[in-house]
Amino acid sequence: MNTRTRGPVRAGQYAALLCYLVFLAFPLLWLISTAFKPAQELASLHPTWIPEHPTLGNFRQAFDEQPLVRAAGNSLVAALSTAVIAVVIATPLAYVMARTRGRLAAAATGWVVVSQAFPFVLLIIPLFLVLKNLRLINSVPGLVMVYVVWSLPFALWMLVGYVRAVPAELEEAASVDGAGRLRTLVSVTAPLLVPGIVATALFAFITAWNEFFFALVLLKSPEKQTLPVVLTHFLGAEGVADLGPLAAAAFLATLPSLVVFAVIQRRITGGMLAGAVKS
Amino acid sequence: MTSATATATARSGRKRPARGAGHGAWFLVLPALIPILVLSVGPLLYGIALAFTDAQSGRTEPTRWIGTLNFQDLLHDTLFWDSFRIGLVWAVGVTVPQFALALGLALLLDQNLRFRWLARALAIIPWAMPEVVVGIMWRLVYHADAGILNETLRDTGLGDGRDWLTGLATALPAVIVVGIWAGMPQTTVALLAGLQNTPHELHEAAALDGAGAWRRFRTVTWPALRPVALAITALNFIWNFNSFALVYVLTSGGPGGRTRLPMLFAYEEAFRYGQFGYAAAMGCVMVAVISVILAFHLVGRLREGDDG
């Protein structure tokens with residue numbers, strides 16, 4: 001739009017865009033820069049953007065100091081289980097929410113909205129007590145149970161948008177042709193939903209991979225902890241941190257989410273758009 | 001409705017899906033409904049009940065009902081109300097500038113600019129990063145000696161640098177800036193989605209009528225964007241008020257409690273001091289106050305909508 005925008009306005013727009021780019025990018029660039037700096041450069045009082053003697057030593061030291069591989073494994077198990085379970089149980093409900101106007105769909109929609117407002121402390125204390133009685137404290141399965149329910153609202157929100165994008169007429173045509181309701185779902189609707197389901201699963205994966213609060217409360221022993229919790233161990237007591245390994249480990253922990261996000265970015269924004277337009 | 005009728009419907013295959021989905025509903029809904037009830041709605045009610053007890057961790061004698069005693073104690077707990085005030089300052093301080101910045105970015109991204117793809121990609125990055133990493137990253141930026149912020153200030157002669165996160169006066173503003181940065185993507189994406197729904201024909205018609213950019217924004221863009229803007233600011237306010245990980249990593253609530261958000265306070269109360277009942281009462285107060293504030297927000301906007 002606005003193809004007739006005049007020169008000075010355009011220039012101003014580019015200047016503004018540049019400011020945004022700098023504001024958004026510089027913290028990440030600084031993290032990367034710090035991760036590759038040797039100790040003596042980090043101790044210098046005049047830090048530079050580009051490391052003069054880039055090193056991988058910080059990464060090696062990070063793996064030596066904290067059990068990063070085990071933590072990443074725990075995170076991976078938790079995030080994968082959450083992603084799979086969340087979409088398996090959310091997709092049928094999302095289908096009902098998208099296709100019916102009953103009290104049930106309204107209640108589910110209400111829960112999706114209201115659950116956004118819970119302060120987690122009101123949820124985590126009873127969950128902690130319940131999981132403790134079930135002996136699921138300090139266990140990744142216990143954490144996954146919490147993650148599944150916690151990722152459901154947004155998963156439902158996305159999936160409802162994707163279901164609505166499948167024309168109901170297609171399903172009606174199938175049933176006119178004599179396909180049963182289950183067959184219509186399996187052979188007509190489900191294939192069309194697959195891209196949306198995959199995007200939702202990946203989003204649930206990222207939220208679980210990144211989550212901190214529940215993991216902090218529920219996982220006590222170091223060998224069970226997930227990556228975000230282990231990262232905070234680098235901060236040490238009194239916040240005195242070994243900057244190089246801290247930056248290196250933080251950068252590594254971000255890479256999987258950045259990759260996944262790059263893949264599904266369009267679908268997430270598309271899902272939000274669909275939810276916003278059609279709800 | 002039982003699963004038997006659901007299968008019966010499925011077998012008969014005569015129902016039109018759009019209407020008949022209700023018949024298979026329970027069969028489709030239970031897998032999600034049970035976890036929601038058991039792990040979300042149930043614990044929430046349990047949590048509210050706990051607020052009226054003296055529940056503590058690691059205590060041998062049984063938990064007792066103590067009525068509203070926790071709430072009476074909270075009324076006189078000045079530390080809690082300090083943290084509550086800090087939470088409000090933080091939530092408003094993040095939500096309002098973030099909305100303004102995100103609106104500007106969304107308007108830019110809606111234009112036909114070169115490098116738009118780069119800005120879109122970058123704008124989404126904070127969303128993909130774990131909050132813990134965002135906190136660590138900004139600690140490196142704010143670091144007194146090795147941080148880029150102080151180095152830039154020294155280089156440009158604008159100042160000689162300070163300990164941003166440990167200074168009594170600077171800690172809260174410093175974490176607010178991080179909060180603004182971290183939440184930019186969701187707000188920008190939501191506003192961009194709203195913008196792309198505004199009918200462009202209206203824009204062009206207004207431009208032909210000689211309306212300037214500001215006038216077009218006020219009369220065409222904003223009215224169409226308002227529902228999205230209202231929803232996203234309300235959600236952002238709640239999310240920010242309830243936030244935890246970012247500030248936990250940045251300052252742990254310090255210095256001297258200057259950045260101790262209500263969630264950090266309640267977390268310490270529950271999991272450091274084991275005061276489950278008392279912390280649950282804090283959660284209840286947080287929910288109640290947020291609901292009241294949001295109700296006023298919504299009612300105010302609705303009334304404004306009636307006038308316009």
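Within every chain, numbering begins at 1; the chains are lettered A, B, ... in the order of the sequence lines, protein sequences first and strands thereafter.
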Closest-packed option against chain A by number of heavy-atom pairs under 4.5 Å, given [options]:
options                                : answer
B:Leu122, B:Ile36, B:Ile148, B:Thr166  : B:Ile148
B:Asp145, B:Leu108, B:Ile238           : B:Leu108
B:Phe237, B:Trp181, B:Phe244           : B:Trp181
B:Ser252, B:Pro130, B:Gly283, B:Pro185 : B:Pro130
B:Gly42, B:Gly47, B:Pro43              : B:Pro43
B:Val287, B:Leu39, B:Ile34, B:Leu50    : B:Leu39

Best-contacting candidate, [options], against chain B by heavy atom pairs under 4.5 angstrom:
options                                : result
A:Leu243, A:Leu231, A:Thr34            : A:Leu243
A:Thr232, A:Val114, A:Leu129           : A:Leu129
A:Leu122, A:Val217, A:Val146           : A:Leu122
A:Leu31, A:Ile124, A:Val88             : A:Leu31
A:Trp209, A:Phe251, A:Trp150, A:Phe128 : A:Phe128
A:Leu258, A:Leu42, A:Leu17             : A:Leu17

Working for side-chain contact (heavy atoms from CB on, under 4.5 Å), residues A:Tyr14 and B:Arg114: CA-CA 9 Å; A:Tyr14 276 111; B:Arg114 250 173 284 175; 3.4 Å; yes
Select one option (side chain, backbone, both, neither) describing which atoms of [X] are under 4.5 Å from chain A's heavy atoms.
X        : result
B:Phe271 : side chain
B:Ala279 : both
B:Leu44  : both
B:Met137 : both
B:Met263 : side chain
B:Leu165 : neither
B:Leu140 : both

What distance do [X] atom [atom1] and [Y] atom [atom2] have between them, rounded to the nearest 0.5 Å?
X        : Y        : atom1 : atom2 : answer
B:Gln275 : B:Gln56  : CD    : CD    : 4.5 Å
B:Phe241 : B:Asn236 : CZ    : CG    : 15.0 Å
A:Trp30  : B:His143 : CH2   : NE2   : 11.0 Å

Of the backbone (N, CA, C, O) and the side chain (C-beta and beyond), which part of [X] lies under 4.5 Å from a heavy atom of chain B, both, or neither?
X        : answer
A:Trp111 : side chain
A:Val149 : side chain
A:Ser33  : neither
A:Leu24  : both

Check: A:Phe212 ring centre within less than 6.0 Å of B:Tyr248 ring centre: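 Yes: the rings meet the under 6.0 Å criterion.
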Test of ring centre spacing under 6.0 Å for B:Tyr267 and A:Phe120: no
Ring geometry between B:Trp138 and A:Phe26 (parallel below 30°, tilted from 30 to 60°, perpendicular above 60°):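 If you compare the ring of A:Phe26 with that of B:Trp138, the planes turn out perpendicular.
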Any side-chain heavy-atom pair of [X] and [Y] under 4.5 Å:
X        : Y        : result
A:Pro47  : A:Lys37  : yes
B:Ile290 : B:Asn242 : yes
A:Val121 : B:Met282 : no
A:Tyr20  : B:Leu101 : yes

Over 12 non-hydrogen atoms of neighbours within 6.0 angstrom of CZ in B:Arg154: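 More than 12 heavy atoms, drawn from other residues, nucleotides or ligands, come within 6.0 Å of this atom.
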Minimum heavy-atom distance B:Gly87-B:Leu261, with the two atoms named: CA-CD2, 4.1 Å
Atom of A:Ala90, atom of A:Leu159 and distance for their closest heavy-atom approach: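 Looking at all heavy atoms of both residues, the shortest contact is CB-CD1, 3.9 Å.
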